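Accompanying notes for the structure given below.
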Amino acid sequence: MTLHLAPERLPEFARGLPKAELHIHIEGSLEPELIFALAQRNAVTIPYPDVASLRAAYAFSNLQSFLDIYYAGASVLRTEQDFHDMAWAYFLRAHTDHITRAELFFDPQTHTERGVAFASVIDGLRRACARARSELGIEAELILCFLRHLSEEAAFATLEEARPHLGKFIGVGLDSSEVGHPPEKFARVFADARRLGLRAVAHAGEEGPPAYVWSALDVLKVERIDHGVQSLKDPALVRRLVEQRIPLTVCPLSNLKLCVFDDLRAHNLKRMLELGVVATVNSDDPAYFGGYLNRNFEACVEALPLSAQDLVTLARNSFDASFASPQEKRMQREGVDAFVARFAQG
Ligand code: ADE
Ligand code: ZN
């Protein structure tokens, strides 16, 4: 059954749909208010006098200009409790956006390089994940990201540090400065991670060329591509993404804030859906990019000719593209179908 809705009902429909978020850097959910609270709690000084001046600095020209401030913000995180509090704040926010599954990226190297214990990072995050499941009904998992601007050796050391905690995260990813740090640099680390039974994803084609998407697939053997918006420049790559149903975790407001697209009306999300790409919508670093998941959906509904059916496809894709068990995927899809049926009636 195809659902047709009047355009004015689309934002409400988009907001209420149950969805998975698959591309959220938990350090990117750190709101300025929490940065200041944690700075005070941990006696860390930050080079901004107040929340307003920190927020005013969130004007980015590209990925690197954002990363510089993002790593500075993360420097206030010190204790297990800090990591718990950051993730718990995200889950409370996610719940209001009808997120029922979240796969959170975390960047251990950002913290271990400053002397924070790996266990403090992962145990704080896991405690928040357990609470999200029991108190909010959100299924939550962690994906450990390697920082690609650091060396292969540093990534190997991080994987080694993570080994005693293998049951606490489901996969590995690759983030940070893309251009000049091709996936090949981490071929051996990803091979080891996969041998440990971990799932694999990577940022590719955010600012970097389609060639990085090809090598994320062929060399790192990832199951999803984070961003991937540059893939549409390469028709052979699009054919592969469609034929093999390789998901892209697209982050529209991030792309806008980091000047990947000048205007959301020029974003290629709708085109991806027309081509049959398994695209999903995500927030990336919501505290920095002007909105959480539902704000991304609303902005896309405003800027792009998305239909109700497109929105259902995006919600379904988010669960299909997730690393949930087959039983959970079935249950989550039923949640989407039940919402659609209720909305169509009322
Ligand atoms: N780390 C946090 N957000 C990121 C992004 N959009 N791209 C690469 N690395 C990131
Ligand atoms: Zn990202």
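Hydrogens, waters and symmetry mates are skipped; everything else that's a heavy atom, side chains included, is used. These numbers were taken from a predicted model, which means no experiment stands behind them. For ligands, and for the atoms within them, numbers begin at 1 and follow the listed sequence.
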With only distance considered, is [X] within less than 3.5 Å of ligand 1 through an N or O on each side?
X	result
Asp284	yes
Asp107	no
Ser176	yes

Quick one: are Lys19 and Val336 in side-chain contact, heavy atoms under 4.5 Å?
->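 No, too far: nothing below the 4.5 Å cut-off.
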Any Leu142 side-chain heavy atom under 4.5 Å of Ile170 side chain |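 No - every pair of side-chain heavy atoms lies 4.5 Å or more apart.
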Just wondering, are more than 12 heavy atoms of other shown residues or ligands nearer than 6.0 Å to NZ in Lys185?
->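 Yes, enclosed.
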Which atoms of ligand 1 have any heavy atom of Leu67 under 4.0 Å away?
->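 In order of numbering, the contacting atoms are 1 (N), 10 (C).
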Going by the order shown, which atoms of ligand 1 are within less than 4.0 Å of some heavy atom of His227?
->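 Ligand 1 atoms under the 4.0 Å threshold to His227: 6 (N).
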Is the shortest distance from a heavy atom of Asp226 to ligand 1 less than 4.0 Å?
->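 False for this residue.
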Can you tell me if Phe66 has a non-hydrogen atom under 4.0 Å from ligand 1?
->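 Checking ligand 1 against Phe66, which is what was asked, there is a heavy-atom contact under 4.0 Å.
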Once you restrict to heavy atoms under 4.0 Å, what part of [X] touches ligand 1? Side chain, backbone, both or neither.
X	result
Tyr70	side chain
Glu206	side chain
Glu178	neither

What are the protein N, O or S atoms, given as residue plus atom name, that sit under 2.8 Å from the Zn ion (ligand 2)?
->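 Metal shell, protein only: His23 NE2, His25 NE2, His203 NE2, Asp284 OD1.
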Hey, mind stepping through Asp234 and Arg239 against salt bridge (charged side-chain N to carboxylate O under 4.0 Å, His left out) and telling me if it holds?
-> CA-CA 9 Å; Asp234 180 342; Arg239 276 198 296 282; over 6 Å; no
May I ask you to establish whether Arg333 and Phe319 are in a cation-pi arrangement, using a distance under 6.0 Å from NZ or CZ to the six-membered ring centre and at most 45° from the ring axis?
->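 Judged by the rule, Arg333 and Phe319 form no cation-pi pair.
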Among all protein non-hydrogen atoms, which one is nearest to atom 3 (N) of ligand 1, and what is the separation to 0.1 Å?
->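 The protein heavy atom lying closest is Asp285 OD2, 2.6 Å.
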Asp192 pairs by salt bridge (charged side-chain N to carboxylate O under 4.0 Å, His left out) with which of Arg188, Arg195, Arg194?
->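 Answer to the salt bridge (charged side-chain N to carboxylate O under 4.0 Å, His left out) test with Asp192 among Arg188, Arg195, Arg194: Arg195.
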Specify whether Phe66 and Phe289 have parallel, tilted or perpendicular ring planes, treating 30° as the upper limit for parallel and 60° as the lower limit for perpendicular.
->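 Phe66 and Phe289: tilted rings.
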Assign the ring pair His227 / His203 to parallel, tilted or perpendicular, where the plane angle (0 to 90°) is split at 30° and 60°.
->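 Plane angle over 60°, so perpendicular.
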side-chain hydrogen bond (donor to acceptor under 3.5 Å, both in side chains) involving Asp285 - partner list, sequence neighbours excluded |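 Partners of Asp285 by the side-chain hydrogen bond (donor to acceptor under 3.5 Å, both in side chains) criterion come out as none, since no residue qualifies.
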Minimum heavy-atom distance between Pro32 and Val51, given as atom pair plus value =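 Nearest pair, atom of Pro32 first, then Val51: CB-CG1, 3.8 Å.
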Distance, nearest 0.5 Å, that separates CZ of Phe36 from CG of Leu30 |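 Output value for this atom pair is 11.5 Å.
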Atom pair CD (Gln309) and CG (Leu3), whose distance is rounded to the nearest 0.5 Å =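 So the gap between those two atoms works out to 6.5 Å.
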Heavy-atom proximity to atom 4 (C) of ligand 1, best of His23, His25, Lys257 =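 Result: the heavy atom closest to atom 4 (C) of ligand 1 is in His25.
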